[in-house]
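In what follows, every heavy atom counts, from backbone to side chain, and hydrogens, waters and symmetry copies are set aside. Keep in mind that this is a model prediction, so the values were computed, not measured. Within every chain, numbering begins at 1; the chains are lettered A, B, ... in the order of the sequence lines, protein sequences first and strands thereafter.
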Amino acid sequence: MLFRAEWCNRSIKMSEGQRAMIPEYDYAQIEKKWQKRWEETALYKVNLSDVERKLYCLVMFLYPSGDRLHIGHWYNYAPTDTWARFKRMQGYNVFEPMGYDAFGLPAENYAIKHGVHPAMSTNQNIENIRQQLKVMGAMYDWSCEIDTSKSEYYKWTQWLFLQLYKNGLAYRKKAAVNWCPSCQTVLANEQVVDGACERCETQVIQKDLEQWFFKITDYAEKLLQGHATIDWPEKTIAMQKNWIGKSVGALISFKVAESADIIDVFTTRPDTLFGVTYMVLAPEHPLVDKLTTAENRPGVQEYILQTRKTKEIDRLSTERDKTGVFTGSYCINPVNGEKIPIWIADYVLATYGTGAVMAVPAHDQRDFDFSIKYTLPIRQVIRKNGGDDKQTLEAAYTDAGVMMNSAIFDGLNSEVGKVRIVEWLKERKSGQEKINYKLRDWLISRQRYWGAPIPILFCEQCGEVAVPEEDLPVLLPENVDFTGRGVSPISTAADFVQTVCPQCGGPARREVDTMDTFVCSSWYFLRYVNPALLDKPFDQQRVNDWLPVDQYVGGAEHAVMHLLYARFVTKVLHDLGHIDFDEPFKRLIHQGIITNAGAKMSKSRGNVVNPDKFIDELGSDTFRMYMMFMGSYEDGGDWSDEGITGIHRFLKRVWRLVWQIHLERPTGAESDKFARVLYQLHYAIKHATESLERFHFNTAISRLMELVNESYLYIQDVDAASQNARLYSEVMPTLVQLLAPFCPHMAEELWAVLEKKYSVIDQQWPVHDEKMVELNTINLGVQVNGKIRGQIQVAADAADAEIIKAALAHDKVRLYTEGKELVKSIVVPKKLVVFAVK
RNA sequence: GCCGAGGUGGUGAAAUAGGUAGACGCACUGGACUCAAAAUCCAGCGUUCGCAAGAACAUGCGGGUUCGAUUCCCGCCCUCGGCACCA
């Protein structure tokens, strides 16, 4: 403590002349200079044929809806680039590409409004964005850039469509689909959020349309199983699981009374079959019309009309009262021959299971509510283990238990009963096991212009015909009318629509819808490793060498869209023999969201933080580093104008430190105080490395700050003549290397200041010496009955008995232990000594 | 309602996950340098009581396990994401 007080009176020991020689930290000039040099020397060009120690680090590519990078882009890209740089310094051949998901609505809407062709505005945006990305200083290999709106790319998106089509995984059907009245197009289920369009928040309506689907449901099970093989955030996997919505149960057939018709129902509770007291069909169920008796017809028709209306207005509210109406018909419970009424109700979904449900009011809350409302019978068939069977139910009992009122199955555990009843039904051909999924097929048609045309045509003779692969790409016509009126704009390009059938040579017309842009992004990671390939979408060998992606980083909002689609497409290509792997992204991390004043940034709120301003005023090194320092990467955080000055200050502090030591080079051999610097150096290497590995950038930076702080104390405490020479030869170069992933421009400059060979990124990442982070003497806290009462200093290798003895000798500890019975004494290695007394 | 994540100083946040809570920043306070300011360097800084030594209280709230809990268990309260009548 004494010598600290001395320091207060000392400023940095330098002559005025030397001080004047430390140049200003001119970030603008430095950043520009090194960006130019990196480009000239092709420093970030990756040799893709070298696959030994390959590492594919990928960020979700860019959607160029505007011409500037926003803070979310920076937060995704800059820290990931830091991680990639770190890995490169660790000796990996890191491939870090960037590209553009360039098709999509904003460009088209812009065209409708301003009359600028989407290709023009998109190219312009990409042009600007590319410059900005270069300012960020990321080590993208620009020779591998891709643009999904270029025919060289979408030719292969169309190829992908054809592979799915040929294998029965792409099909067309008429269905009630989600329609966004504002975007004037259909949407996939995944793109509907709370009943509204994911993009523009307009309420989505249902429309019956003939549309293209990808059969993702065929892959439901594989998509679930693959989760076990990937290192992804738990919550993302949970979201996908939930979205796929697997449930195991049975399909049970009920004969319609006095008819040959059969109603199949899906249930997860075959054990409650004896408790069925009525049957419910969705209003859209195909048998509804047939089952409705003459006297019930007016009521049923009225009900169907009404549900259609409510569904569009208010289908969101789950707390809505359940409604329904009796059809007049009955069906027979296969297990006991009981005749039960058939109702229709809109709490039954037409699109899930069979669109019909066996109602067990005693053991399903929805059926319970419904039966109370319409005074339908409630029959308990499961009771709680050890429970009394004469209770009246006040709510449905939905747990497992013991079967009752179930004839020969009485007394069975309901879990066993599930299996037995299905066996019983199977023998009589009225039921079987069944697994259902909530997942629906992926609707990929879009009635918009700016997308990849679907490579299908309709021939008067042959019907639906796939465009032969050798005729790809089906080029997007350039001259179209952007009506924005719900018809596919390319239908206005007559010479596009009218074509010739490749099979019979007769007249045919082309499909005028384009593909969902999520199709473009479902395979782009395969294209990056061979972006210029002309005759194939990808080179099989190259792709198998480089994929799966080792580290993928992007927003959590894509959990059930892009991330599910990409997995699906990968699995399909795997099954078709195009690739060896069946998961695209081995390890995934989601960056958090940067808010401003506690709210999500948005133009409408007017709280958008503009990165450009900070890059002008403080430099991109400061900006990117602050993004990493502000909080934990996966949590994101709230923007602060004040916080960023702390990082800028730190960078200037590093700048002056390195320069000063460079100018007044230590040549001495002082070792006592230098030991602390060395300790801090190795401590920083160790912990920064561990933190970086896990994307914990904030704590990694903290360790570097500690090292800088310790170095400052040293050069002030020890006069220049005796300062240890290793400060210059070892500590400063290592510090610069540790900084290189975070602030690549400044590190490159300081590396040059230290007269080291270009480039710092090609240096081996420092490795700590474990001996250096072990202290000879350590401080232990001494706890008596859970409270810290003192500190002792002991040799690091002291025996427990010795430590306890020293601890008991401590004045304060004696105060609390003397005269009392010592019940327990524990030594927690390198941490503390614990006493329990009575 | 269900599934996830979280609640820590004035403030952004740490804590290798049972072991000395608050590392590292920001803000603030004091000192050095300066004619002065800025910049820079050094130091202090959870709350309450105390001149101090120290003591008590502190990780959303209430219980529990333990010598010891931000960390584990039980019950609540908030905040943020996701799902939403899925039989």
Side-chain angles (χ1 to χ4, degrees), chain A residues 4-12 19 193-195 233-239 241-243 245-247 249 265-269 272 280 315-320 322 345-349 351-354 356-360 363-367 369-370 436-439 556-557 559-560 593 626 629-632 634-635 637-647 649-650 652-653 656 687 690-691 694 696 698-706 709 712-713 716 779-791 812 823-826 828-837:
Chain A
R4 297 260 162 166
E6 260 170 62
W7 289 341
C8 302
N9 302 320
R10 268 185 228 168
S11 60
I12 295 184
R19 194 183 306 242
V193 176
D194 289 339
E234 281 299 327
K235 67 165 182 182
T236 309
I237 289 182
M239 258 190 247
K241 278 192 174 149
N242 185 32
W243 189 260
K246 178 180 183 173
S247 48
V265 298
F266 171 73
T267 178
T268 54
R269 296 297 302 272
T272 62
V280 207
R315 53 201 288 275
L316 286 177
S317 165
T318 50
E319 292 308 307
R320 202 172 102 223
K322 291 184 181 27
D346 68 354
Y347 79 88
V348 174
L349 304 174
T351 44
Y352 181 76
T354 61
V357 162
M358 59 178 224
V360 188
H363 306 292
D364 182 288
Q365 192 55 42
R366 292 155 302 184
D367 299 342
D369 295 342
F370 192 81
N436 250 334
Y437 301 93
K438 284 201 275 185
L439 184 69
E557 67 275 14
V560 294
I593 292 170
Y626 177 58
F629 187 62
M630 58 192 291
S632 117
E634 287 168 273
D635 291 347
D638 202 52
W639 179 262
S640 150
D641 281 6
E642 280 150 11
I644 196 170
T645 62
I647 284 290
R649 207 176 283 167
F650 170 68
K652 286 194 290 187
R653 209 164 135 82
R656 283 190 303 265
H687 289 95
E690 284 171 8
S691 295
R694 297 187 293 155
H696 291 187
N698 52 341
T699 47
I701 293 169
S702 296
R703 300 293 83 81
L704 302 185
M705 287 173 165
E706 285 164 354
N709 290 347
Y712 263 93
L713 295 183
Q716 282 166 101
N779 263 319
L780 297 179
V782 184
Q783 228 178 42
V784 182
N785 285 352
K787 286 205 159 61
I788 294 291
R789 296 300 182 185
Q791 297 279 325
K812 282 289 296 300
V823 190
K824 216 181 237 186
S825 25
I826 306 163
V828 181
K830 304 211 156 76
K831 300 270 184 197
L832 76 165
V833 189
V834 176
F835 296 114
V837 297

Peer 1: Hey, what are the protein-to-nucleotides 3-8 of chain B N/O distances that come in under 3.5 Å?
Peer 2:
none

Peer 1: Expressed in angstrom and rounded to an integer, what is the separation of A:Arg649 atom CZ from B:rG25 atom P?
Peer 2: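 So the two atoms are 10 Å apart, to the nearest Å.
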Peer 1: Do the non-hydrogen side-chain atoms of A:Ile701 and A:Ile647 ever get within less than 4.5 Å of each other?
Peer 2: yes
Peer 1: Can you check the distance between B:rC51 and B:rC72, where both ends of the measurement are the C1' atom (answer in whole Å)?
Peer 2: 44 Å
Peer 1: Mind checking the C1' distance from B:rC77 to B:rG60? Whole angstroms is fine.
Peer 2: 8 Å
Peer 1: Going by a 90° cut-off around 0, is B:rG4 syn or anti?
Peer 2: anti
Peer 1: Of all the nucleotides listed (B:rC85, B:rA23, B:rA27), which has the minimum atom distance to the side chain of A:Thr699?
Peer 2: B:rA23
Peer 1: Say you pick atom C1' in B:rG63 and the same atom in B:rA52; how far apart are they, in whole Å?
Peer 2: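 That atom pair is separated by 39 Å.
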Peer 1: State which residues pass ring-ring contact (aromatic ring centres under 6.0 Å, His included) with A:Phe629; sequence neighbours excluded, sorted by chain then number.
Peer 2: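 ring-ring contact (aromatic ring centres under 6.0 Å, His included) list for A:Phe629, sorted by chain: empty.
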Peer 1: Remember a base hit wins even if backbone is also touched, and classify A:Gly781 as base, sugar-phosphate or nothing at under 4.0 Å, heavy atoms.
Peer 2: base
Peer 1: Expressed as a whole number of Å, how far does the P atom of B:rG22 sit from that of B:rG9?
Peer 2: 14 Å
Peer 1: Just call it for A:Ser632: base, sugar-phosphate, or nothing, with non-hydrogen atoms closer than 4.0 Å on any strand.
Peer 2: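 Since only primed, P, OP1 and OP2 atoms lie under 4.0 Å of A:Ser632, the category is sugar-phosphate.
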Peer 1: Using atom P of each nucleotide, how far apart are B:rG30 and B:rC80 to the nearest Å?
Peer 2: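 That atom pair is separated by 40 Å.
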Peer 1: Counting side-chain heavy atoms from CB outward, which of B:rU40, B:rG82, B:rA87 is closest to A:Lys652?
Peer 2: B:rU40
Peer 1: Which parts of nucleotides 52-58 of chain B does protein reach within less than 4.0 Å, heavy atoms only, written one letter per nucleotide 5' to 3' as B for base, S for sugar-phosphate only and - for none?
Peer 2: --SSSS-
Peer 1: Can you name the side-chain contact (heavy atoms from CB on, under 4.5 Å) partners of A:Gln365, sequence neighbours left out?
Peer 2: A:Phe368, A:Asp369, A:Ala395, A:Ala396
Peer 1: Please identify each residue that fulfils side-chain hydrogen bond (donor to acceptor under 3.5 Å, both in side chains) with A:Thr354, with sequence neighbours left out.
Peer 2: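 Applying side-chain hydrogen bond (donor to acceptor under 3.5 Å, both in side chains) to A:Thr354 gives none.
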Peer 1: Would you compute the distance between atom CH2 of A:Trp639 and atom OH of A:Tyr626 and round it to the nearest 0.5 angstrom?
Peer 2: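 With rounding to 0.5 Å, CH2 (A:Trp639) is 6.0 Å from OH (A:Tyr626).
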Peer 1: Using the C1' atom on both, measure B:rA87 against B:rU16 and round to a whole Å.
Peer 2: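 One C1' to the other, the span is 47 Å.
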Peer 1: Is there a donor on the side chain of A:Gln791 or the base of B:rU20 sitting less than 3.5 Å from an acceptor on the other?
Peer 2: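 Flag set: donor-acceptor pair detected.
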Peer 1: Among B:rG19, B:rC85, B:rC41, which nucleotide has an atom closest to any side-chain atom of A:Arg656?
Peer 2: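 Output: B:rC41.
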Peer 1: Sequence neighbours excluded, which residues qualify as ring-ring contact (aromatic ring centres under 6.0 Å, His included) partners of A:Trp243?
Peer 2: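 Here no residue qualifies.
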Peer 1: Could you work out the separation of B:rA38 and B:rA23 based on their P atoms and round it to a whole Å?
Peer 2: 27 Å
Peer 1: Could you tell me how far apart A:Tyr352 (OH) and B:rA84 (P) are, to the nearest whole angstrom?
Peer 2: 13 Å
Peer 1: Where does RNA chain B pair, written as one dot-bracket string 5' to 3', with Watson-Crick or G-U pairs under 3.5 Å, ( ) inside the strand, [ ] for crossing pairs and | for another strand?
Peer 2: (((((((..(((......[....))).(((((.......))))).((((....))))..(((((..]....))))))))))))....
Peer 1: Which residues pass the ring-ring contact (aromatic ring centres under 6.0 Å, His included) test with A:His687, not counting sequence neighbours?
Peer 2: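 Per chain and number, A:His687 pairs via ring-ring contact (aromatic ring centres under 6.0 Å, His included) with A:Tyr683.
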Peer 1: Can you confirm whether A:Gln783 sits close enough to A:Val834 that some side-chain heavy atom of one is under 4.5 Å from a side-chain heavy atom of the other?
Peer 2: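 The answer is yes, as the side chains (C-beta and beyond) meet within the 4.5 Å cut-off.
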Peer 1: Hey, which of these two, A:Gly631 or A:Asn436, hits RNA chain B nearer its 5' end, going by closest nucleotide?
Peer 2: A:Gly631
Peer 1: What does the B/S/- profile of nucleotides 60-71 of chain B look like, 5' to 3', with a 4.0 Å heavy-atom cutoff to protein?
Peer 2: -------BS---
Peer 1: Counting only side-chain nitrogens and oxygens, does A:Tyr712 get under 4.0 Å of the OP1 or OP2 atom of B:rC42?
Peer 2: no
Peer 1: Kindly write out the residues that satisfy side-chain contact (heavy atoms from CB on, under 4.5 Å) with A:Lys831, not counting sequence neighbours, or none if the list is empty.
Peer 2: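 Scan of A:Lys831 (side-chain contact (heavy atoms from CB on, under 4.5 Å), adjacent residues dropped) gives A:Val828.
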Peer 1: Return the value, rounded to whole Å, for the distance between atom CZ of A:Arg694 and atom P of B:rA15.
Peer 2: 7 Å
Peer 1: What is the distance, rounded to the nearest whole Å, between atom CG of A:Asn779 and atom P of B:rG19?
Peer 2: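 For the pair A:Asn779 CG and B:rG19 P, the rounded distance is 19 Å.
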Peer 1: Expressed as a whole number of angstroms, how long is the span from A:Lys438:NZ to B:rA84:P?
Peer 2: 7 Å
Peer 1: Which nucleotide, B:rA15, B:rA43, B:rA87, lies nearest any side-chain atom of A:Leu713?
Peer 2: B:rA43
Peer 1: Assign A:Asp369 to base, sugar-phosphate, or nothing according to its heavy-atom contacts below 4.0 angstrom with the strands shown.
Peer 2: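 A:Asp369: no heavy atom of the nucleic acid under 4.0 Å.
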Peer 1: Taking NZ from A:Lys830 and C1' from B:rU20, how many angstroms apart are they, rounded to a whole number?
Peer 2: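 In whole Å, B:rU20 C1' and A:Lys830 NZ are 16 Å from each other.
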Peer 1: Classify the nucleic acid contact of A:Ser247 as base, sugar-phosphate or nothing, counting any heavy atom under 4.0 Å across all strands shown.
Peer 2: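 Sugar-phosphate contact only - A:Ser247 comes under 4.0 Å of backbone atoms but never of a base.
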Peer 1: Could you tell me how far B:rG19 sits from B:rU66 if I compare only their C1' atoms? Round to whole Å.
Peer 2: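 Nearest-Å result for B:rU66 against B:rG19 at atom C1': 12 Å.
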Peer 1: For B:rC41, does either OP1 or OP2 sit under 4.0 Å from a side-chain N or O belonging to A:Arg653?
Peer 2: yes
Peer 1: Between the base of B:rA87 and the side chain of A:Arg269, is one N or O donor paired with an acceptor at under 3.5 angstrom?
Peer 2: no
Peer 1: Using atom CZ of A:Arg703 as one end and atom P of B:rU16 as the other, report the distance to the nearest whole Å.
Peer 2: 11 Å
Peer 1: Could you tell me which non-hydrogen atom of A:Met239 sits nearest to which non-hydrogen atom of A:Ala559, and how far apart they are?
Peer 2: SD-CB, 3.7 Å
Peer 1: To check you understand the geometry: which heavy-atom pair defines the closest contact between A:Ser247 and A:Phe266, and what is its length?
Peer 2: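 It is O-CZ, 3.6 Å.
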Peer 1: Quick check: does any side chain N or O of A:Thr645 sit under 3.5 Å from a backbone N or O of A:Asp641, one acting as donor and the other as acceptor?
Peer 2: no
Peer 1: Is there a side-chain contact between A:Thr272 and A:Met358 in this structure, where contact means two heavy atoms from C-beta onward sitting under 4.5 Å apart?
Peer 2: yes
Peer 1: Indicate, with a heavy-atom threshold strictly under 4.0 Å, whether A:Thr268 touches base, sugar-phosphate, or nothing.
Peer 2: sugar-phosphate
Peer 1: Specify the closest pair of heavy atoms between A:Val280 and A:Ala345, including all atoms of both residues, with the distance to one decimal.
Peer 2: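 Result for this residue pair: CG1-CB, 3.4 Å.
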Peer 1: When you get a sec, tell me which of B:rA23, B:rA87, B:rC83 is the closest nucleotide to the side chain of A:Glu706?
Peer 2: B:rA23
Peer 1: For A:Tyr437 and A:Leu780, find the nucleotide of RNA chain B closest to each by heavy atoms; which residue's nucleotide sits nearer the 5' end?
Peer 2: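 Between the two, 5'-proximity favours A:Leu780.
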Peer 1: Among B:rC26, B:rA87, B:rA43, which is the nearest nucleotide to the side chain of A:Asp364?
Peer 2: B:rA87
Peer 1: Return yes if some donor-acceptor pair links the side-chain N/O of A:Asp364 with the main-chain N/O of A:Ala359 below 3.5 Å, else return no.
Peer 2: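 It does not hold such a pair.
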Peer 1: Identify, with sequence neighbours excluded, every residue that meets side-chain hydrogen bond (donor to acceptor under 3.5 Å, both in side chains) alongside A:Arg656.
Peer 2: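 Partners of A:Arg656 by the side-chain hydrogen bond (donor to acceptor under 3.5 Å, both in side chains) criterion come out as none, since no residue qualifies.
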Peer 1: Calculate the interatomic distance between A:Leu349 atom CG and B:rA87 atom P; express it in whole Å.
Peer 2: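 Atom CG in A:Leu349 sits about 10 Å away from atom P in B:rA87.
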Peer 1: Who pairs with A:Tyr347 by ring-ring contact (aromatic ring centres under 6.0 Å, His included), at least two apart in sequence or on another chain?
Peer 2: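 Here the qualifying residues are A:Phe370.
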Peer 1: Report the nucleotide, chosen from B:rC26, B:rA87, B:rA23, that has the shortest atom-to-atom distance to any side-chain atom of A:Ser702.
Peer 2: B:rA23
